Amino acid sequence: MWRRPVWSLLGSAQHVRLNGSCSSVSGKKWTRPSGFDTGVQTFNSLSKQKEPLVLAREGVATWYSCGPTVYDHAHLGHACSYVRFDVLQRILSRVFGVTVIHAMVITDIDDKIIRRSWEENVSPTAISTMYEEEFKRDMLSLKVTPPAVYLRVTENVPRIVAFIERIIRNGHAYATKEGDVYFDIRSIGDRYGKFAGAVDSQGEPDDTNKRDSRDFALWKPSKPREPAWESPWGRGRPGWHIECSAIASSVFGSQLDIHSGGIDLAFPHHENEIAQSEAYHQCGQWANYFLHSGHLHLKGSAEKMSKSLKNYITIKDFLQSYSANEFRMFCLLTKYRSAIDYSDGSMLEARTSLGTISAFVHDAQAYMRGQLQCSPVQEALLWERLAETKSGVVKALAEDFDTPRAIGAVMNLVYHGNCQLHPVAKCDGAARSPAVFAAMVSYIRDVLDVFGIDMHSKARVADEASGRGGLEGVVEQLTRFRSEVRAFALAHQGGPTKRALHPERTPLLKACDDLRNDLAPLGVLIKDRGATSTWEITQRVQDKDQETSS
């Protein structure tokens, strides 16, 4: 028999660690864990301020996140939260050398799933399976790294039942004669309320069978036509909050480094997770860090995007107009904890930022190949700017994953690079500086890759064009043919010392310009560089090509 922990009897009194590595704290106080300091400062919702991110194991972060309730299409509000936390995990892994072990629960039994199954006249399993697979496809289309493991609630009901039984034995839950099991809030004294007031919440409906109106359901009896599992309290199914605690504990045990989710989950969901997990493990600090992402709003609306308000845009519909790279840039331009306004204007800003970076990479490559003739480059200045950018990006990301500041540093590097790429009609044979531009392009690609934005496909276009025989090969041959026609049209009468053009060749020059202008809206950008021309395929067209091929 598990004895009731000291803190359950004395409220906020200091308690002695009883088992595992779960840390000991008093009341609502957060205690900095011992272990490996990552060098990152992150805002911890438990302490309501920035704290050093300290992990129990060197170079390893255990990370749990609440997954979707799979009863409908995922929308941009969901996408925003999952993409933002994917970016954070990528930063920890790629910049700070931390291996992230991420587990996510799929809620595949719930009141909403049951109601939807009745409406569609199919089983709850059919509903949950269909929308779970769609959710996973949506996440892959947004380039979200899958967790190490997805776990479904329905496959873990025996673990959940055992978890509830132990909470009852520890004196923190009670069963009613009707077959409900409630968590006993009073049994933990003043420890409840770490996130109270974080968001407005109606809580669970009041029930006369409860000892306290704040008590929440761990188990509830199933009604007719509802799925049910056997338990010591009769046939029923788990409450909403218990699934996360039981399943996260089955993966990570009594100590969790990081728990993430949208700010709307802070109270009561995460609050209740903490209460029941610490009651189960008989400890004072189950999860050391809670990270919460801000809501996505439609611009001009104070309400978050949600299914219940019917103000949402599905991920599939969104990707008809914008690319995954553009959505990631949209997320990167705002801090992950902040609310974010979605509009065509904000998406245009993201697209423009990507376009500016892409244009610089293209111009820098043209310079490296000798296709873009420039005035002498201030090479030392660019090396200095590159070093400053590298340092600035790491500092920004170490300060609560400040992606807007990191992107700002990258854009500043692009600006300084563009300032040096002034085309000239004639080159006087001055020394060239391709190495510094190669280093800049390589770094920009690498840092965007950390954020999940793929710029590498652009680099492969020219190299693979002749071998692939696809769209890139066609564009390459077309551009070469156009360049030859254009050079013929631009030839001067009487040799290179004369400035007059052959008037009969003017229509050829106009045809070359018309071809360039007509191809631009189709995603093929041709730039004339004196006597030569370069080309690129815009990111949106590449994304669509990749979607088609997949």
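Below, all heavy atoms of this structure are taken into account, side chains as well, without hydrogens, waters or symmetry copies. Values in this document were obtained by computation on a predicted structure and should not be read as measured data.
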(Q) For a side-chain contact (heavy atoms from CB on, under 4.5 Å) check, start with the C-alpha distance between V70 and I127, then their side-chain angles and the critical distance, and finish with the verdict. (A) CA-CA 8 Å; V70 282; I127 292 293; over 6 Å; no
Q) Is any side-chain heavy atom of W219 closer than 4.5 Å to a side-chain heavy atom of P238? A) yes
**Q.** Smallest separation among heavy atoms of L333 and S353, with atom names
**A.** CD1-OG, 4.3 Å
Q: Would you sort out whether Y71 and I114 count as a side-chain contact (heavy atoms from CB on, under 4.5 Å), showing the intermediate values?
A: CA-CA 9 Å; Y71 73 99; I114 293 170; over 6 Å; no
Q. Are K395 and E399 ion-paired here, with the side-chain N under 4.0 Å from a carboxylate O?
A. no
Q) Which residues satisfy the salt bridge (Lys or Arg N to Asp or Glu O under 4.0 Å) test with E133, sequence neighbours excluded? A) none
**Q.** Ionic contact status for D110 with R116, cut-off 4.0 Å
**A.** no
**Q.** Donor-acceptor under 3.5 Å (E278 side chain, W286 main chain)
**A.** yes
Q. Looking only at heavy atoms, which two atoms of S293 and S81 are closest? And how far apart?
A. OG-OG, 3.0 Å
Q | Side chain to side chain, F401 and V40, heavy atoms closer than 4.5 Å | A | yes
Q: Using only heavy-atom distances, determine whether the side chains of Y322 and D344 contain a donor-acceptor pair under 3.5 Å.
A: yes
Q) Does anything in residues 122-132 pair up under salt bridge (charged side-chain N to carboxylate O under 4.0 Å, His left out), and if so which pairs, sequence neighbours excluded? A) E132-K136, E132-R152
(Q) Under the rule for ring-ring contact (aromatic ring centres under 6.0 Å, His included), what residues qualify as partners of F183, not counting sequence neighbours? (A) F216
Q | Contact summary for C66 and E273, nearest pair of heavy atoms | A | SG-OE2, 3.7 Å
Q. Between R166 (side chain) and Y280 (backbone), is there a donor-acceptor pair under 3.5 Å?
A. yes
(Q) Taking ring pair (Phe, Tyr, Trp, His ring centres under 6.0 Å) as the criterion, tell me which of H292, H259, H241 meets it with H269. (A) H241
Q) Mind checking what makes side chain to side chain contact (heavy atoms under 4.5 Å, CB included) contact with A79, not counting sequence neighbours? A) L76, L142, I315, F327
Q) Of all residues at least two apart in sequence or in a different chain, which pass the ring-ring contact (aromatic ring centres under 6.0 Å, His included) check with Y289? A) W30
Q.
T62: which residues meet the side chain to side chain contact (heavy atoms under 4.5 Å, CB included) condition with it, sequence neighbours left out?
A. F252, L256, D257
Q. Can you check whether I160 reaches W229 side chain to side chain, under 4.5 Å on heavy atoms?
A. no
**Q.** Partner residues of D400 under the side chain to side chain contact (heavy atoms under 4.5 Å, CB included) criterion, sequence neighbours left out
**A.** T42, F43, K50, Y336, R337
Q. Can you find a pair of side-chain heavy atoms, one from T38 and one from L55, that are under 4.5 Å apart?
A. yes
Q: Keeping to residues at least two apart or across chains, list the salt bridge (charged side-chain N to carboxylate O under 4.0 Å, His left out) pairs with something in residues 87-103.
A: D86-R90, R94-D449
Q.
Before you tell me yes or no, could you show the steps for F85 and S65 under side-chain contact (heavy atoms from CB on, under 4.5 Å), namely the whole-Å CA-CA distance, both residues' side-chain angles and the distance that decides it to 0.1 Å?
A. CA-CA 9 Å; F85 286 123; S65 64; over 6 Å; no
Q) Taking side chain as C-beta onward, heavy atoms only, is H172 less than 4.5 Å from S187? A) yes
Q. Between G294 and I263, what is the shortest heavy-atom contact and its length?
A. CA-CG2, 4.4 Å
Q) Residues two or more places apart in sequence or in another chain: which of them pass salt bridge (Lys or Arg N to Asp or Glu O under 4.0 Å) with D37? A) R32
(Q) Determine whether a donor-acceptor pair (N or O, by modelled atom type, separation under 3.5 Å) exists between the side chain of R328 and the backbone of K143. (A) yes
Q: For I167 and I242, run side-chain contact (heavy atoms from CB on, under 4.5 Å): C-alpha distance rounded to whole Å, both residues' side-chain angles, the deciding distance at 0.1 Å, then the answer.
A: CA-CA 11 Å; I167 295 175; I242 193 65; 4.0 Å; yes
(Q) Can you confirm whether C331 sits close enough to F451 that some side-chain heavy atom of one is under 4.5 Å from a side-chain heavy atom of the other? (A) no
Q: Anything under 30° is parallel, anything over 60° is perpendicular, the rest tilted; go ahead and classify H270 against F290.
A: tilted
Q | Any donor-acceptor N/O pair, T107 side chain to T69 backbone, under 3.5 Å | A | no
Q) Do you see a donor-acceptor pair shorter than 3.5 Å between the side chains of T31 and Q285? A) no
**Q.** All pairs passing ring-ring contact (aromatic ring centres under 6.0 Å, His included) where residues 127-146 contributes a residue, at least two apart
**A.** H73-Y131, Y82-F135
Q) Residues in side chain to side chain contact (heavy atoms under 4.5 Å, CB included) with T176, at least two apart? A) Y174, E178, D180, Y182, N209
Q: Might you point out which heavy atoms bring A406 and A396 nearest each other, and give the distance in Å?
A: N-CB, 3.8 Å
Q: Not counting sequence neighbours, which residues clear side chain to side chain donor-acceptor pair (under 3.5 Å) with N156? List them please.
A: R159
Q.
Just so I know, are the side chains of V161 and V157 near enough to count as touching, which here means a heavy-atom distance under 4.5 Å?
A. yes
Q.
Between Q89 and T145, do the side chains contain a donor N or O and an acceptor N or O under 3.5 Å apart?
A. no
Q. Are S346 and D341 close enough that a side-chain donor and a side-chain acceptor fall under 3.5 Å?
A. no
(Q) Could you report the tightest heavy-atom contact between S117 and S123, atom names first, then the distance? (A) CB-C, 3.8 Å
Q. So do I247 and S250 actually touch side chain to side chain, heavy atoms under 4.5 Å?
A. yes
